[in-house]
Structures are given as C-alpha cells and as structure tokens.
Amino acid sequence: SLALMVIKFKEKALADLYKNGKTNDSKYKKLCKNKRLIEGYQRAVSIMYGVETVEELKLFSFLHYEKLRYMKEPLSSVRIVNGMVERLLFTEIENGIEVELIEIDSTHYGNKR
C-alpha cells in the first residue's frame, strides 16, 4: 500500500484538541464546550490520517472537501459537523496536510470584502 499522508498541526492547540479533545489555548476556549464540534474535528483529522491522498477526502461526502478560492494562500477546507458552519482549514503540502485552524465564525469566505 502507499504511504499514508503526513499530517502537521500549525499550532500546538490543534494537536491537543485532536489528541485530548481539549486545549488551554484561549482561541479555542469556546469550541471546547461544544462536544459535537470537538468530536467532528477529531473525526475529520482521523479521516485525514487514514487516506492516501487529499483527493480521497471527496469520498466522505459529509466533509464537503473543497479548495478555497479568494485566499492569499491556497487553503482547503472540510466541514467539521454536518449542518454546522464551522470548518477546518488546511494547506495541502507535498505529501500530506498541514492543519491551519478551525474557522469558527460563520462569515463565509466567498463574500469578498
């Protein structure tokens, strides 16, 4: 089988959330109170660990994987919980994914300002 993807976390908080379901980082304080979001985030990251290419994320329709336009850097995103606006933003690197941040506010990036 092919080598699985490399998953990097841009911030320690994001790694903590994945491993422990919590973090002391104030940026994600509110998030930690929402069990559905934490579980959705952990599920999304564990799916990333299990696929061989980013393209395979398309097979998980509930993730709504997409490459974002209107961005300075080429980011991609997946939805964390179906029916909720929160998304996980990441950069596609050569052999995997770098998890950037959890986008919590609901303003959709399609609205160019």
Side-chain angles (χ1 to χ4, degrees):
S1 77
L2 286 165
L4 291 176
M5 298 210 300
V6 175
I7 311 290
K8 292 182 183 169
F9 294 93
K10 199 156 192 183
E11 303 173 5
K12 185 180 178 296
L14 292 166
D16 290 344
L17 280 174
Y18 174 63
K19 293 186 183 87
N20 314 315
K22 55 182 191 282
T23 174
N24 296 324
D25 192 315
S26 57
K27 187 163 151 189
Y28 297 113
K29 268 272 190 303
K30 248 189 13 218
L31 194 79
C32 292
K33 295 192 185 93
N34 191 326
K35 229 169 111 60
R36 275 181 72 204
L37 270 182
I38 296 295
E39 285 166 3
Y41 168 70
Q42 289 173 316
R43 178 181 68 173
V45 174
S46 60
I47 288 169
M48 290 171 173
Y49 274 112
V51 296
E52 288 171 357
T53 65
V54 179
E55 286 292 298
E56 280 179 46
L57 294 174
K58 288 181 181 156
L59 302 174
F60 301 88
S61 58
F62 58 85
L63 286 176
H64 298 278
Y65 160 72
E66 59 180 321
K67 287 190 171 169
L68 305 182
R69 295 164 199 82
Y70 322 118
M71 293 295 220
K72 287 191 283 292
E73 304 120 60
L75 286 176
S76 302
S77 83
V78 292
R79 187 165 296 162
I80 295 177
V81 178
N82 232 341
M84 292 175 76
V85 294
E86 284 76 14
R87 307 179 74 84
L88 180 60
L89 301 186
F90 58 91
T91 306
E92 297 181 26
I93 53 180
E94 196 179 329
N95 49 356
I97 282 175
E98 183 171 38
V99 176
E100 296 260 338
L101 82 150
I102 299 170
E103 184 183 71
I104 298 165
D105 68 45
S106 56
T107 53
H108 214 62
Y109 28 77
N111 317 332
K112 282 188 279 189
R113 293 211 177 99

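Residues that satisfy the side-chain hydrogen bond (donor to acceptor under 3.5 Å, both in side chains) test with T91, not counting sequence neighbours, are E100. Partners of Y49 under the ring pair (Phe, Tyr, Trp, His ring centres under 6.0 Å) rule, at least two apart in sequence or in another chain, are Y18. Under the rule for a side-chain hydrogen bond (donor to acceptor under 3.5 Å, both in side chains), the partners of E39 that lie at least two apart in sequence or sit in another chain are K35. For E92, the salt bridge (charged side-chain N to carboxylate O under 4.0 Å, His left out) partners at least two apart in sequence or on another chain are K67. The side-chain hydrogen bond (donor to acceptor under 3.5 Å, both in side chains) test applied to K58 returns E55, not counting sequence neighbours. Applying the side chain to side chain contact (heavy atoms under 4.5 Å, CB included) rule to I38 yields the partners L17, L31, Q42; only residues at least two apart in sequence or on another chain are considered. For E94, there are no salt bridge (charged side-chain N to carboxylate O under 4.0 Å, His left out) partners, not counting sequence neighbours. Applying the salt bridge (charged side-chain N to carboxylate O under 4.0 Å, His left out) rule to K19 yields no partners; only residues at least two apart in sequence or on another chain are considered.
In plain terms, the two heavy atoms of R43 and S46 that are nearest each other are O-OG, 2.9 Å. Across all non-hydrogen atoms, the minimal contact from E52 to M5 is O-CG, 3.4 Å. The two residues L14 and Y41 come nearest to each other via the heavy atoms O-OH, 2.7 Å. L88 approaches I80 most closely through the heavy-atom pair N-CG1, 3.8 Å.
I47 and M84 fall within a single hydrophobic cluster, where Ile, Leu, Val, Met, Phe, Trp and Tyr side chains are chained together by heavy-atom contacts under 4.5 Å. Using a 4.5 Å cut-off between side-chain heavy atoms of Ile, Leu, Val, Met, Phe, Trp and Tyr, with links allowed through other members, F90 and L68 fall into the same hydrophobic cluster.
Within a 6.0 Å sphere centred on CG of N95, other residues, nucleotides and ligands contribute more than 12 heavy atoms.
Identified under the salt bridge (charged side-chain N to carboxylate O under 4.0 Å, His left out) test for residues 22-31, with sequence neighbours left out: E11-K27.
Atom CZ of R87 is separated from atom OG of S76 by 10.5 Å, given to the nearest 0.5 angstrom.
Using modelled atom types, no side-chain atom of Y65 and backbone atom of V54 make a donor-acceptor pair closer than 3.5 Å.
Partner of L89 under the side chain to side chain contact (heavy atoms under 4.5 Å, CB included) criterion, chosen from L101, V99, V78: L101.
Under a 4.0 Å N-O distance rule, the pair E86/R36 does not qualify as a salt bridge.
Side-chain contact check for V45 versus F9: some heavy-atom pair is nearer than 4.5 Å. With a 4.5 Å cut-off on side-chain heavy atoms, I97 and L57 count as touching.
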